[in-house]
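Following: one structure in structure tokens, then a few remarks.
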Amino acid sequence: MFILNPQSGIPIYRQILEQVRRMVASGQLPPGTALPSVRDLALRHTINPMTISRAYSILETEGLLERNRGRPMTVASQAKNHTQLPKRLQQIGPLIEQTVVAAKQLQLSETELVKAVRQEWENSDD
Amino acid sequence: MTDAVAASGLGKAFGARQVLQDVSFGVSPGDVVGVLGKNGAGKTTLLEIMLGYTPPTSGGIRVFGHESLEMPGDIKSRIGFVPQQDELLDQLTVRDQLRVIASFYARWDFALIDRLCTEWGVDVNARIKGMSVGERQKLSILLAFGHRPELLILDEPVASLDPIARRQFLEQLLAISADGQRAIVFSSHIVSDIERLANRIWILKDGRLDWQGDLDSLKESIVRLHIRGTGTELPQFRIPGVINVRRDGAFATAVARDWTPEAQRALEKSASVQIEVETLGLEEIFLELHR
């Protein structure tokens with residue numbers, strides 16, 4: 001289910017966080033879908049279980065996953081709402097902030113920046 | 001949860017040579033600690049102090065609540081150890097060697113060891129004298145597993161194992177640690193194994209614990225930075241926790257050890273630079289800490 005690379009500089013729990021968030025947001029993991037248990041995932045990928053538990057706990061706090069007594073964790077029924085607009089905007093916030101700082105340093109105007117973003121948007125459409 | 005091992009201010013000198021200095025740590029049940037360090041950094045000495053084989057010259061260490069030098073037999077039997085150099089008896093067969101060790105313990109998991117012998121391709125009828133280094137290493141590991149220790153200490157256990165045997169070994173270690181009741185401390189130069197298995201990392205450098213903490217935090221805090229200014233010359237700035245920095249006109253590359261997103265935002269604003277963060281694998285991190 002996950003593509004995990006222990007040798008990456010990105011900690012495994014972050015790799016799991018990003019993949020679950022993406023798969024839930026895109027509907028690949030609809031509400032109610034069961035996730036593999038921490039133990040199964042650790043043994044299957046030969047990785048430490050704690051980093052997996054950490055990812056699952058964060059996703060639970062975010063409301064994306066639900067813990068069920070004695071059964072595997074599942075994608076929360078409310079998960080869709082959590083990935084609605086404000087949440088997704090919040091995720092891209094730091095990148096926008098960075099871009100705006102850079103644009104100001106380069107003395108670009110707001111109009112010029114917005115125009116450039118629009119151009120990039122159109123070019124990257126597949 | 002009580003610590004399996006608690007050490008504070010450990011020091012060890014052999015004559016005038018200071019091998020360990022001011023080493024403090026805790027190991028909790030469920031932890032898998034990966035110990036990294038150059039040859040001669042003090043790894044083996046540290047593990048031997050934990051086992052009570054040698055006294056520290058300063059500081060204190062308790063294992064399951066007992067001073068490591070004064071552990072009673074029932075505490076010692078909760079520990080398993082795989083030494084760097086095996087202590088097998090050449091004239092014995094594998095079966096006899098297993099029997100000898102099993103006889104030291106009140107509880108011995110014969111079923112587990114039988115299963116692992118089969119899975120790992122260890123021939124119980126073979127005489128130890130004729131075995132390869134890798135085969136001897138597998139047997140040493142089995143000898144440390146049989147009494148299902150709550151604290152497993154391994155000193156370079158896999159140096160002579162092929163990649164397939166190493167993976168089988170890692171899988172078994174994971175199975176052992178999966179119940180969250182047992183602690184594992186292992187030193188290895190095979191960084192990719194530590195990267196898979198450990199949740200905590202100790203980096204020993206010149207006898208000191210240069211870095212200790214979660215592997216996840218280690219990867220988040222030690223990063224390589226690619227810094228770009230807006231003009232042709234980079235302004236002067238100070239990077240918090242910088243290990244090294246190389247400036248080249250309007251660019252700079254640096255490695256920092258306490259990096260946070262807040263530090264990045266602060267530096268980008270104050271120095272008018274753009275920073276791209278490159279995360280590093282454990283091997284790169286280890287190398288950077290030794291430059």
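Chain letters run A, B, ... following the sequence lines, proteins first and then strands; every chain starts at 1. Just so it is clear, the structure is predicted and the values come from calculations on it, not from any experiment.
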Chain A heavy atoms under 4.5 Å from [X]: which part of the residue, side chain, backbone, both or neither?
X: B/Val273; value: backbone
X: B/Ile222; value: neither
X: B/Glu278; value: neither

Report the distance from atom [atom1] of [X] to atom [atom2] of [Y], rounding to the nearest 0.5 Å.
X: A/Ser8; Y: B/Leu280; atom1: OG; atom2: CG; result: 10.0 Å
X: A/Thr51; Y: B/Asn199; atom1: OG1; atom2: CG; result: 9.0 Å
X: B/Leu173; Y: A/Asn48; atom1: CG; atom2: CG; result: 11.0 Å
X: A/Leu43; Y: B/Glu171; atom1: CG; atom2: CD; result: 8.0 Å

Heavy-atom pair with the smallest gap, counting every atom of [X] and [Y]:
X: A/Pro6; Y: B/Arg196; result: CG-NH1, 3.6 Å
X: A/Arg39; Y: B/Ala178; result: NH1-CB, 3.1 Å
X: B/Leu174; Y: A/Pro49; result: CD2-CD, 3.7 Å

Only pairs of heavy atoms separated by less than 4.5 Å count here; which of A/Pro11, A/Ala102, A/Gly9 has the most with chain B?
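Most heavy-atom pairs under 4.5 Å with chain B: A/Gly9.
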Residue [X] excluded, over 12 heavy atoms near [atom1] under 6.0 Å:
X: B/Asp248; atom1: CG; answer: no
X: A/Gln107; atom1: CD; answer: no
X: B/Arg115; atom1: CZ; answer: yes
X: A/Leu95; atom1: CG; answer: yes

Option among B/Glu268, B/Gln274, B/Arg265 that satisfies the side-chain contact (heavy atoms from CB on, under 4.5 Å) test with A/Gln98
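Result for side-chain contact (heavy atoms from CB on, under 4.5 Å) with A/Gln98: B/Glu268.
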Backbone N or O of A/Val101 within a donor-acceptor pair of the B/Lys269 side chain at under 3.5 Å?
no
Find the one option among B/Arg167, B/Glu220, B/Glu284 whose heavy-atom pairs under 4.5 Å with chain A are most numerous.
B/Glu220
Decide side-chain contact (heavy atoms from CB on, under 4.5 Å) for A/Met50 and B/Asp214; before the verdict, give the C-alpha distance in whole Å, the side-chain angles of both, and the deciding distance to 0.1 Å.
CA-CA 10 Å; A/Met50 287 198 200; B/Asp214 288 348; over 6 Å; no
